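One structure is given below, represented as structure tokens, and several questions about it will come after.
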Amino acid sequence: MVEILIDETDRLDWALKLFKRKVQKSGVLKDLRRKRHYEKPSVVRQRKAAAAKRRRVTEGRGPRRDRGSSRGSSRGSSRGP
């Protein structure tokens, strides 16, 4: 459970903002939304597979590295015509 400690001098809007931020970081609301309705095991597997695929794609979009690419133009390759 998420909790915050405030003093008597702390402002309520500041405490509410901090609470919302902690709840979002902990993933409580995300978990509640996901568990609102029953999901069949096949749907859970599909959702997890799609998330893994998205992670793989975004990892590939990282900063460009200066290394030879196997794709693209054949300029400078050692292979003959």
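In this text, all values refer to a predicted model and were calculated from it rather than measured experimentally. Reckoned from all heavy atoms, side chains included, excluding hydrogens, waters and symmetry mates.
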Heavy-atom neighbours of E39 CD exceed 12 at 6.0 Å
yes
Might you work through the side-chain contact (heavy atoms from CB on, under 4.5 Å) test for R36 and L32, ending with a clear yes or no?
CA-CA 6 Å; R36 186 174 289 169; L32 282 175; 5.9 Å; no
Work out which heavy atom in A15 is nearest to a heavy atom in I4; give both atom names and the distance.
O-CD1, 3.1 Å
Whether the side chain of D10 engages the backbone of D7 through a donor-acceptor N/O pair (distance < 3.5 Å, no angle test) should be reported.
yes
Distance-minimising heavy-atom pair for F19 and V2:
CE1-O, 3.9 Å
Give the minimum heavy-atom separation between K22 and E3, together with the two atoms involved.
NZ-O, 3.8 Å
From R34 atom CZ to R47 atom CZ, the distance as rounded to the nearest 0.5 Å:
5.5 Å
Just verifying a value: how many Å separate L18 CG and I6 CD1, rounded to the nearest 0.5 Å?
9.5 Å
Tell me, with the steps shown, if K17 and R11 meet side-chain contact (heavy atoms from CB on, under 4.5 Å).
CA-CA 10 Å; K17 191 175 187 179; R11 296 187 341 220; over 6 Å; no
